[in-house]
Number of protein chains: 2
Amino acid sequence: MAGQSALLNDLKERGLRVTPQRAIILEAIEGLSGHITAEDIFGVVKEVNSYISLATVYRTLELLKELGLITESNMGTSTTHYALKTHGTHHHSVCRACGKTMDLPNSMFEPMVERLQSEFNFVADANHMVIMGWCECCRPEHTHEQDN
Amino acid sequence: MAGQSALLNDLKERGLRVTPQRAIILEAIEGLSGHITAEDIFGVVKEVNSYISLATVYRTLELLKELGLITESNMGTSTTHYALKTHGTHHHSVCRACGKTMDLPNSMFEPMVERLQSEFNFVADANHMVIMGWCECCRPEHTHEQDN
DNA sequence: TTATCTGCAAACGATTTGCGGCAGC
DNA sequence: GCTGCCGCAAATCGTTTGCAGATAA
């Protein structure tokens, strides 16, 4: 909508080449909000130009990761999910049984993040944390025995 | 040392076959403490009997997972790490830069786990959580801009 | 005996890479 | 025109699976 993608400007500033492929891929990433996979991006990209290869999508994701513009997260599947850093700080729960995900507010994690910092000198990557577990519907029996 | 592995007894009780392969694999898992990979186990197993295949290691891990005797976790690499449920409740921080891991006490997460349960009806898998971030030595600049 | 387990090797899905050609700058 | 980028196809890595033979119960 802004005519020029914010990510694209970032590339220019750093002296990297702005190619049509990169423009299309970056636009796809900005269009698909939330946590997306390389295949999600590839799907959108193909509709714009079917000659762009999946390898280029991966290479661009790798680049954006290095530039610190996107974050990677593992949602419990074999596929890596990506999200824009600007997507805002929030987190996810993923049900191990049914796979359902929920958004969790940052406030849920703030106290823990602060304690990690003050007590362990560890700066948690508090952008897109993923907590595995079981949702309301899928609670198994062996979740009670957590008291050792 | 105990003559009979606890895991092995569990298999028997459930009417599953106790094969030499399983005995060797279970012993290896109990011998290697902490978070281990399929290859770690395979390495130990091979020294006892070099004919046991990696596929059997994976099949046994799958079985133990189904029985709820081990937990799986993703430590930020492409390789899955496994740990005995009896290993005790504790968690890990993993540095995205240098890969260093630290053990974190359960107390660090308890308040959060309780809030997840009471406010979201979500039972977190609070056995071996992994928090990605940056350790003392590797703190990058872009960890300061977390105030949106 | 017989259902379960095994080894092997091939299949798998996600991701990476080598290479020759192409195109931003 | 140089260098960085691309598409392609093959390689990689961790993990899974089909099958036919072996073996615990």
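All values below were derived from every heavy atom in this structure, side-chain atoms included, with hydrogens, water molecules and symmetry-related copies excluded. Reminder, nothing fancy here: chain letters follow the sequence lines and each chain counts from 1. Keep in mind it's a predicted model, so treat the numbers as computed, not measured.
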* Rounded to whole angstrom units, what separation is found between the NZ atom of B/K46 and the C1' atom of C/dT6? -> 18 Å
* Asked: Does A/Q21 place a side-chain N or O at less than 4.0 Å from the phosphate oxygens OP1/OP2 of D/dG7?
  -> yes
* Phosphate contact (D/dC6 OP1 or OP2) by A/T19 side-chain N/O below 4.0 Å -> yes
* **Interatomic distance, A/L16 CG vs D/dG4 C1' [rounded to whole Å]** => 9 Å
* **Other residues, nucleotides, ligands: >12 heavy atoms within 6.0 Å of A/E27 CD** => no
* Asked: Is a donor-acceptor contact shorter than 3.5 angstrom present between the side chain of A/R22 and the base of C/dG24?
  -> no
* Go through C/dA14, C/dA9, D/dA9 for me and flag the one nearest to the A/T79 side chain. => C/dA14
* **ring pair (Phe, Tyr, Trp, His ring centres under 6.0 Å) partner of A/F109, the single match among A/H90, A/H128, A/H91** => A/H91
* Structure fact -> Atom CG of A/L54 and atom C1' of D/dG7 are separated, to the nearest Å, by 12 Å
* **Out of C/dC25, C/dA14, D/dT15, whichever nucleotide has its closest atom nearest the side chain of B/A38** => D/dT15
* Tell me: NZ of A/K65 to P of C/dT15, nearest whole Å? -> 9 Å
* From B/C135 atom SG to B/M102 atom CE, the distance as rounded to the nearest 0.5 Å -> 7.5 Å
* **Between C1' of C/dT4 and NZ of B/K12, the distance in whole Å** => 17 Å
* **Distance-only donor-acceptor test, A/R59 side-chain atoms vs D/dG4 base atoms, 3.5 Å** => no
* Rounded to the nearest 0.5 Å, how far apart are OG1 of B/T19 and CD1 of B/I52? -> 8.0 Å
* To do: Report yes if a side-chain nitrogen or oxygen of A/Y58 is closer than 4.0 Å to either non-bridging phosphate oxygen (OP1 or OP2) of C/dT16; otherwise report no.
  => no
* Just call it for A/T80: base, sugar-phosphate, or nothing, with non-hydrogen atoms closer than 4.0 Å on any strand. => sugar-phosphate
* Asked: Quick one: B/I52 CD1 to C/dA9 P, roughly how many Å, whole number?
  -> 17 Å
* **Heavy-atom donor-acceptor pair, B/R17 side-chain to D/dT23 base, under 3.5 Å** => yes
* Quick one: A/E62 CD to D/dC5 C1', roughly how many Å, whole number? -> 15 Å
* To do: Take the protein atom CG of B/L63 and the nucleotide atom P of C/dT6, then report the distance between them rounded to whole Å.
  => 9 Å
* For A/L7, does its backbone N or O pair with a side-chain atom of A/D10 as donor and acceptor, under 3.5 Å? -> no
